[in-house]
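The basis for the numbers below is simple: all heavy atoms, side chains too, and nothing from hydrogens, waters or symmetry mates. Throughout, protein chains are lettered first and strands after them, A, B, ... in sequence-line order, and every chain is numbered starting at 1.
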Amino acid sequence: MVDTNAARPVRVRFAPSPTGDLHIGGIRTAQFNWMFARRYGGKFILRIEDTDQKRTKEASLNGILEGLRWAGLNWDEGPDIGGPYGPYIQSERIDLYQHWAVWLIDHDLAYRAYETSEELESMSKGHKGYDRRGRSLTREDWARLDAEGRPYVVRFKVPLTGETTFTDMVRGPITTRNDTLQDAIILKSDGWPTYHLAHIVDDHLMEISHVIRAEEWIPSTPLHTLIYGAFGWEMPQIAHVPVILAADSGGKISKRKHPEAAISYFWKNGYLPEAVTNYLCNVGWNYGLTDENGEEMQVFSKEDAAKIFDITRVTGSGTKFDMVKLTWLNGVYIRNMDALELAKHLRPVLEAAGFEVNLDVLLQVVPLIRERIKTLNEIVETAGFFFAEDFTTPSADALIPKKMNAAQTAEALQRARAIMAALTDASPHAAEEPLRVLAEEMGLKPGQLFGAIRVAVTGQAVSPPLFESIAIIGETTTLARMDRAIEALSESSVETR
RNA sequence: GCCCCUAUCGUCUAGAGGCCUAGGACGCGGCCCUCUCAAGGCUGAAACUCGGGUUCGAAUCCCGAUAGGGGCACCA
């Protein structure tokens, strides 16, 4: 079903409007377009649809570019780099849309309508919609109303009978009765076009061959088919990808209710772009290649996915966004990352949390934590203690293991400290065997003793492996922290827990 | 209300009429490993929405019901 005749080179586009952060669904749509272009050796074009002056925000353009760059979805033509079909920002193409709106009017395919928004509102009570009264106006009427200073919009003249069919690359043919369609506004009273006109003029002029967009456009595609027909232009092949649903409500994922709907959420929360794009490949589409065990591969790059991407194999049903699976994938990418590269990703996170980070120390820490964090941000609570200048001595309550009391814990730490201080062997596990012997002498389980030391030295009940951690922290600091823990215990009156 | 789309484990999906005793992944349970937590290994529970057809044979094709989602702006 994918017709990629050489007669029409593959040119696809992503056309967001600059009204805020890029949406996760937008990124997925962009990514499918990107993969489609790469699959067929075509061009991926970025176009900005800012024809709504009220909603357009100045800063949003940069946000869009930032989001796409972060995801690694590089474009071949766009507002920042130009190209042979520019400009790529609709607000700079207004005269084009006005020209073609007039052309439609001159060919009796569109007409002027003078109703105000208020009039339309009362008209659409009961969901009836516009009653097409503008169709009966003559050019003389227009002149009179213009003289009265009344503004008008331009509406497309939808055929009153018959039906319209278009073929969706993922869903097959879709047919709609024309009498269920509205005479949609294509040019607003401020002279700016609506989406329906602007995107068609642009897609045609930019020689877009395939349109891959979100599912919510399906109901207006018959209208678009009719407009292409009115112009006598060849319509691009079209595919609608399913909406991304919220895991909880099942409705469209929204930036208002779901922070993860904005793409900036992911870099702010320690996700890797490779993990996000990898995840998005399997939302509505399926990579499907199997590994040596015959099981479907879960981890792959968008570049590899692009080699076999098939838009006709995209699912037609809505898909829920599974943050848990994405987070798992992110952990996989963290585990597989080169140690130095991971350290470079981790350093700014720690620094942002107020730690002073020595890269050599961090490189020692990385092997201990790489399979213990799923997001970069988790490094702070997992390994912050390695870098804490002002280490807070844990409370006695935190220090005392289960089934032990303050005196017992203090004694255990005291004796452990003596053993550790007397060691001549510098290898990380040199203290382990003597400490196990100590635990046995004191009638403790190794876990109790090690637990007490862990809290004393790391300040946490859960930490990376104890002896490797101590080796990084260093003997001086370790013994000092144990001393302070013993001191805290001696001042405590906590009984057996 | 009207129009449109969709329907396989909780979630993402495989399945292109017999390869289906419905496969994989995440998540969940158990066991192993183990100084905590992870990671890893083994293992378990878990789905074809329902009803009619078509066919020798239906998860797969058709129709209907139901359910979910989307759309009906001088937003895109």
Quiz item: What residues form a salt bridge (Lys or Arg N to Asp or Glu O under 4.0 Å) with A:R55, not counting sequence neighbours?
Solution: A:D52
Quiz item: What pairs of residues pass the salt bridge (charged side-chain N to carboxylate O under 4.0 Å, His left out) test when at least one of them lies in residues 373-383 of chain A, not counting sequence neighbours?
Solution: none
Practice problem: For A:S117, report the nucleic acid contact type (base, sugar-phosphate, nothing); a contact means any heavy atom under 4.0 Å. | Solution: base
Practice problem: Would you give a per-nucleotide map of nucleotides 31-36 of chain B, 5' to 3', where B means the base has a protein non-hydrogen atom under 4.0 Å away, S means only the sugar-phosphate does, and - means neither? | Solution: ----BB
Quiz item: Contact class for A:I369 (heavy atom, under 4.0 Å): base, sugar-phosphate, or nothing?
Solution: nothing
Quiz item: Who are the ring-ring contact (aromatic ring centres under 6.0 Å, His included) partners of A:F321, not counting sequence neighbours?
Solution: A:Y279
Practice problem: Sequence neighbours left out, what pairs pass salt bridge (charged side-chain N to carboxylate O under 4.0 Å, His left out) with at least one residue falling in residues 435-457 of chain A? | Solution: A:R415-A:E441, A:E432-A:R436
Exercise. Would you mind classifying the nucleic acid contact of A:V153 as base, sugar-phosphate or nothing, using non-hydrogen atoms under 4.0 angstrom?
Key: base
Quiz item: Sequence neighbours excluded, which residues qualify as ring-ring contact (aromatic ring centres under 6.0 Å, His included) partners of A:W75?
Solution: none
Quiz item: How is A:T51 classified with respect to the nucleic acid when contacts are heavy atoms under 4.0 Å: base, sugar-phosphate, or nothing?
Solution: sugar-phosphate
Quiz item: Across the strands shown, which category fits A:K445 at heavy-atom distances under 4.0 angstrom: base, sugar-phosphate, nothing?
Solution: nothing
Quiz item: A:R213 and side-chain contact (heavy atoms from CB on, under 4.5 Å): which partner among A:V12, A:I238, A:I218, A:V241?
Solution: A:I238
